[in-house]
Peer 1: 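The structure is given below, and queries will be raised subsequently.
We name chains A, B, ... by the order of the sequence lines, and we start the count at 1 in each one.
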2 protein chains.
Amino acid sequence: MSVDSEQLDRGFAALGDPVRRALIARLSRGEATVNELAEPFDITKQAISRHLQVLETAGLITRSRDGQRRPCRLNPAALEALTSWIDDYRLTAERQFRRIDAILETVKEQDS
Amino acid sequence: MSVDSEQLDRGFAALGDPVRRALIARLSRGEATVNELAEPFDITKQAISRHLQVLETAGLITRSRDGQRRPCRLNPAALEALTSWIDDYRLTAERQFRRIDAILETVKEQDS
DNA sequence: GCTATATTCAACACATCAGTTGATCAACGG
DNA sequence: CCGTTGATCAACTGATGTGTTGAATATAGC
């Protein structure tokens with residue numbers, strides 16, 4: 001299941017902020033409300049609310065409604081889409097390096 | 001092998017740009033110089049040069065020297081550090097969800 | 001209805017980023 | 001030497017991001 005470029009933009013950019021990564025770390029242990037999520041941080045709840053909007057736009061979290069609360073939960077599938085993009089190219093690179101090593105090895109043998 | 005928060009900031013932020021991801025895609029197939037990398041893009045070589053600096057600062061690529069060329073090659077280990085951060089939390093979340101599903105299942109059985 | 005709580009919206013300040021152009025530096029080739 | 005090529009540096013512009021404060025919205029509970 002592939003993802004378009006803008007989703008990758010938003011997903012990776014979302015992870016490029018320590019506050020948002022901390023929010024993800026917290027949400028990996030279970031859903032939480034904005035207030036609960038904001039509690040450990042020194043910044044305002046409005047700022048946290050915006051970080052959560054960024055995560056939601058990136059598809060990394062989903063939000064439901066429970067009275068006046070807006071509980072957030074992590075979306076593992078979106079995380080998986082990001083790792084699989086990275087892994088594609090990492091594996092290609094590793095294969096490439098092994099191939100080059102093999103060629104160098106061959107050259108060395110012929111040389112001796 | 002863990003990575004500090006600033007490295008994650010730089011790494012993920014670096015991937016949050018389509019030009020830089022395209023550079024990584026290209027480099028996964030083998031090393032290349034700035035000129036070669038810039039060729040397919042509509043932006044100036046200076047802009048590409050800066051993107052490469054961003055990737056280098058993030059540790060995602062390394063650069064050597066070959067006369068006046070500065071060949072770039074991908075660093076798979078840095079990519080792996082990013083996927084492993086994501087996977088940690090993705091797996092935690094998936095375990096958490098399975099646990100909750102199991103609890104709901106138990107409740108449903110007791111209810112019937 | 002009235003007040004408190006949870007969350008978001010709006011407007012602003014400040015920093016960072018991505019791109020440009022023009023100049024500079026370093027190495028290569030005749 | 002000297003012109004050319006590969007790459008970077010510097011200064012500037014416009015856009016985007018992160019934070020603030022203060023107001024607004026919506027729901028809960030009496």
Peer 1: Report the distance from atom CG of D66(A) to atom C1' of dT5(C), rounded to the nearest whole Å.
Peer 2: 13 Å
Peer 1: Identify, with sequence neighbours excluded, every residue that meets salt bridge (charged side-chain N to carboxylate O under 4.0 Å, His left out) alongside D88(A).
Peer 2: none
Peer 1: Under the rule for side-chain hydrogen bond (donor to acceptor under 3.5 Å, both in side chains), what residues qualify as partners of Q7(B), not counting sequence neighbours?
Peer 2: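 R10(B).
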Peer 1: Could you work out, with salt bridge (charged side-chain N to carboxylate O under 4.0 Å, His left out) as the rule, every residue matching E36(A), not counting sequence neighbours?
Peer 2: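 Listed in chain order: nothing, the list is empty.
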Peer 1: Can you give the first and last nucleotides of DNA chain D, 5' to 3', that have an atom under 4.0 Å from a heavy atom of chain B?
Peer 2: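 Taking any atom under 4.0 Å from a heavy atom of chain B, the span is dT5(D) to dA11(D).
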Peer 1: Kindly say whether Q53(B) contributes a backbone atom to a donor-acceptor pair with the side chain of T57(B) at under 3.5 angstrom?
Peer 2: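 Checked: pair present.
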Peer 1: Give the other cluster members for I100(A), using side-chain heavy-atom distances under 4.5 Å between Ile, Leu, Val, Met, Phe, Trp and Tyr residues; answer none if it is isolated.
Peer 2: L104(A)
Peer 1: For DNA chain D, whose closest nucleotide is more 5', that of Q68(A) or that of T44(A)?
Peer 2: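 On the 5' side of the pair lies T44(A).
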Peer 1: Please work out which residues in residues 21-35 of chain B have a non-hydrogen atom less than 4.0 Å from an atom of DNA chain C and list them by number.
Peer 2: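 Heavy-atom contacts with DNA chain C come from no residue of residues 21-35 of chain B; none.
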Peer 1: Sequence neighbours excluded and cut-off under 3.5 Å, please list the side-chain donor-acceptor pairs for residues 12-32 of chain B, or say none.
Peer 2:
{"unit_1": "D17(B)", "atom_1": "OD1", "unit_2": "V19(B)", "atom_2": "N", "d": "2.8"}
{"unit_1": "D17(B)", "atom_1": "OD1", "unit_2": "R20(B)", "atom_2": "N", "d": "3.1"}
{"unit_1": "R20(B)", "atom_1": "NE", "unit_2": "A14(B)", "atom_2": "O", "d": "2.8"}
{"unit_1": "R20(B)", "atom_1": "NH1", "unit_2": "H51(B)", "atom_2": "ND1", "d": "3.2"}
{"unit_1": "R20(B)", "atom_1": "NH2", "unit_2": "A13(B)", "atom_2": "O", "d": "3.3"}
{"unit_1": "R21(B)", "atom_1": "NH1", "unit_2": "D9(A)", "atom_2": "OD1", "d": "2.9"}
{"unit_1": "R21(B)", "atom_1": "NH1", "unit_2": "L15(B)", "atom_2": "O", "d": "2.8"}
{"unit_1": "R21(B)", "atom_1": "NH2", "unit_2": "S5(A)", "atom_2": "O", "d": "3.1"}
{"unit_1": "R21(B)", "atom_1": "NH2", "unit_2": "S5(A)", "atom_2": "OG", "d": "3.0"}
{"unit_1": "R21(B)", "atom_1": "NH2", "unit_2": "D9(A)", "atom_2": "OD1", "d": "2.7"}
{"unit_1": "R26(B)", "atom_1": "NH1", "unit_2": "G30(B)", "atom_2": "O", "d": "3.1"}
{"unit_1": "S28(B)", "atom_1": "OG", "unit_2": "A25(B)", "atom_2": "O", "d": "2.6"}

Peer 1: Counting only pairs under 3.5 Å, give me each side-chain donor-acceptor contact of residues 67-76 of chain B, with atom names and distances, residues two or more places apart or in other chains.
Peer 2:
{"unit_1": "R70(B)", "atom_1": "NE", "unit_2": "S64(B)", "atom_2": "O", "d": "3.1"}
{"unit_1": "N75(B)", "atom_1": "OD1", "unit_2": "A77(B)", "atom_2": "N", "d": "3.3"}
{"unit_1": "N75(B)", "atom_1": "ND2", "unit_2": "G59(B)", "atom_2": "O", "d": "3.0"}

Peer 1: Under the salt bridge (charged side-chain N to carboxylate O under 4.0 Å, His left out) rule, collect the residues that match up with E39(B), sequence neighbours excluded.
Peer 2: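 Partners of E39(B) by the salt bridge (charged side-chain N to carboxylate O under 4.0 Å, His left out) criterion come out as none, since no residue qualifies.
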Peer 1: Suppose we screen for side-chain hydrogen bond (donor to acceptor under 3.5 Å, both in side chains). Which residues come up paired with R99(B), at least two apart in sequence or across chains?
Peer 2: Q96(B)
Peer 1: How many Å lie between CD on E36(A) and C1' on dA6(C), as a whole number?
Peer 2: 11 Å
Peer 1: Only counting residues at least two apart or in another chain, list the ones meeting side-chain hydrogen bond (donor to acceptor under 3.5 Å, both in side chains) with E94(B).
Peer 2: R90(B)
Peer 1: Within residues 45-53 of chain A, which residues have any heavy atom lying less than 4.0 Å from an atom of DNA chain C?
Peer 2: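 Output list: Q46(A), S49(A), R50(A), Q53(A).
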